[in-house]
Amino acid sequence: MRKIHLKMGEKSTMTQNPKFRYEDWGPTFFSLRFIKTVLSVNWCSLGLEAFEGHAAPDTALFTLDGQKTSIHRFLKGNVTLDEFKQLVKDFSDVADFLIVYLAEAHATDAWAFKNNVDISMHKNLEERLAAARTLVKEDPLCPVVVDEMTNITASKYGALPERLYVIQSGKVIYQGGIGPWGYNPEEVRRVLEKIN
């Protein structure tokens, strides 16, 4: 199984991340908690409404100070974190960037693995905001907002546990694969280079 998992990771930068070693998550891969997490993620994705070439759903979000906002308010004109930061640096003149913090993918009271941050499943908005502030400490170079507790953004964008999108004029022009295996900042770079 280890060889299969690592081979899958070669399609993305996942296996190059020293904080995401097979030894930290591999032994729990088919545990009951893992299966529950996968089922939860797939259940949430049943509400997927964001597709390339179609209008981007305008879902409700919260800023880290608790103010209600939405995805469309961050649109211009209306992978590892380091790779994402580089995209922000390279393309901030042609694109606005936004991180939407969703339900915790590897909560310590769900399917967690070693060498991960200690964040439990969010029971309320305040807990989700606190967890997002942990991400802000990594200085993502762009705004960070959080999904509502109904996980409406995660659902409409099929974004659990993580996914990259490029939205232009309210239309999805790029929909990345579901992370971590489908998380590919280089694909986003190619899309943004065409826009630039």
Side-chain angles (χ1 to χ4, degrees), residues 17 19-20 24-25 33-34 36-50 56-76 78-89 92 95-167 170 172 175-176 178-180 182-183 185 188:
N17 184 346
K19 294 182 179 181
F20 197 71
D24 294 333
W25 59 270
R33 285 185 170 191
F34 168 79
K36 283 181 174 180
T37 300
V38 169
L39 290 174
S40 173
V41 165
N42 286 322
W43 181 259
C44 185
S45 293
L46 290 176
L48 177 64
E49 292 182 13
D58 189 23
T59 58
L61 303 165
F62 289 92
T63 63
L64 295 187
D65 60 3
Q67 298 299 308
K68 197 163 189 171
T69 188
S70 72
I71 292 243
H72 284 194
R73 290 186 184 165
F74 288 89
L75 297 180
K76 196 165 211 57
N78 195 37
V79 249
T80 65
L81 187 56
D82 288 338
E83 289 173 303
F84 182 80
K85 284 181 178 181
Q86 193 60 51
L87 285 172
V88 174
K89 288 177 185 174
S92 62
D96 292 318
F97 291 83
L98 177 68
I99 294 175
V100 179
Y101 188 92
L102 308 168
E104 180 59 39
H106 301 291
T108 53
D109 53 349
W111 181 56
F113 52 86
K114 296 177 188 174
N115 194 29
N116 197 18
V117 293
D118 184 12
I119 297 174
S120 298
M121 291 178 67
H122 316 132
K123 295 176 185 70
N124 55 51
L125 183 59
E126 281 306 313
E127 289 182 4
R128 186 165 286 178
L129 289 168
R133 289 182 189 107
T134 302
L135 171 61
V136 171
K137 291 177 186 174
E138 299 294 322
D139 192 25
L141 305 179
C142 69
V144 175
V145 293
V146 301
D147 198 359
E148 289 189 332
M149 292 306 295
T150 61
N151 298 317
I152 190 69
T153 303
S155 179
K156 289 192 178 201
Y157 282 84
L160 280 176
E162 62 187 353
R163 192 172 223 168
L164 296 170
Y165 278 90
V166 176
I167 301 169
V172 176
Q175 177 189 49
I178 296 173
Y183 184 82
V188 173

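Below, each value reflects all heavy atoms present in this structure, side chains not excepted, and no hydrogens, waters or symmetry copies.
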Any sub-3.5 Å donor-acceptor pair from [X]'s side-chain atoms to [Y]'s backbone N or O?
{"X": "D147", "Y": "T153", "result": "yes"}
{"X": "E49", "Y": "Y157", "result": "no"}
{"X": "R163", "Y": "G176", "result": "yes"}
{"X": "S155", "Y": "N151", "result": "no"}
{"X": "N124", "Y": "E127", "result": "yes"}

Smallest separation among heavy atoms of [X] and [Y], with atom names:
{"X": "I119", "Y": "A131", "value": "CG2-CB, 3.8 Å"}
{"X": "P57", "Y": "A50", "value": "CD-CB, 3.8 Å"}
{"X": "G66", "Y": "L129", "value": "CA-CD1, 4.3 Å"}
{"X": "T108", "Y": "R33", "value": "O-NH1, 3.6 Å"}
{"X": "A154", "Y": "L160", "value": "CB-CG, 3.8 Å"}

*Can you tell me how far CG of D65 sits from OG1 of T63, rounded to the nearest 0.5 angstrom?*
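That separation rounds to 3.5 Å.
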*Could you tell me the separation between the CG atom of L164 and the CD1 atom of I178, rounded to the nearest 0.5 Å?*
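With rounding to 0.5 Å, CG (L164) is 12.0 Å from CD1 (I178).
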*Verify side chain to side chain contact (heavy atoms under 4.5 Å, CB included) between K85 and D139, making sure each step is shown before the conclusion.*
CA-CA 9 Å; K85 284 181 178 181; D139 192 25; 4.1 Å; yes
*asked:* Evaluate H122 against L102 for side chain to side chain contact (heavy atoms under 4.5 Å, CB included), listing each step before the verdict.
replied: CA-CA 10 Å; H122 316 132; L102 308 168; over 6 Å; no
*Does a sphere of radius 6.0 Å around CE in M149 hold more than 12 heavy atoms from other residues, nucleotides or ligands, not counting ones at 6.0 Å or beyond?*
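Enclosed.
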Indicate yes or no: at least one non-hydrogen side-chain atom of [X] is less than 4.5 angstrom from one of [Y].
{"X": "V172", "Y": "Y165", "result": "yes"}
{"X": "F62", "Y": "V145", "result": "no"}
{"X": "P140", "Y": "V88", "result": "no"}

*Over 60° means perpendicular and under 30° means parallel, so classify the ring planes of F97 and F84, tilted if in between.*
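F84 and F97: perpendicular rings.
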*Who passes side chain to side chain donor-acceptor pair (under 3.5 Å) against S70, sequence neighbours left out?*
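For S70 the side chain to side chain donor-acceptor pair (under 3.5 Å) partners, ignoring immediate neighbours, are D58.
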*asked:* Which residues pass the side chain to side chain donor-acceptor pair (under 3.5 Å) test with K68, not counting sequence neighbours?
replied: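 E148.
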*Apply side chain to side chain contact (heavy atoms under 4.5 Å, CB included) to K156 and L48, showing your working.*
CA-CA 4 Å; K156 289 192 178 201; L48 177 64; over 6 Å; no
*Kindly indicate, with the supporting measurements, whether the criterion side chain to side chain contact (heavy atoms under 4.5 Å, CB included) is fulfilled by I71 and L61.*
CA-CA 7 Å; I71 292 243; L61 303 165; 3.7 Å; yes
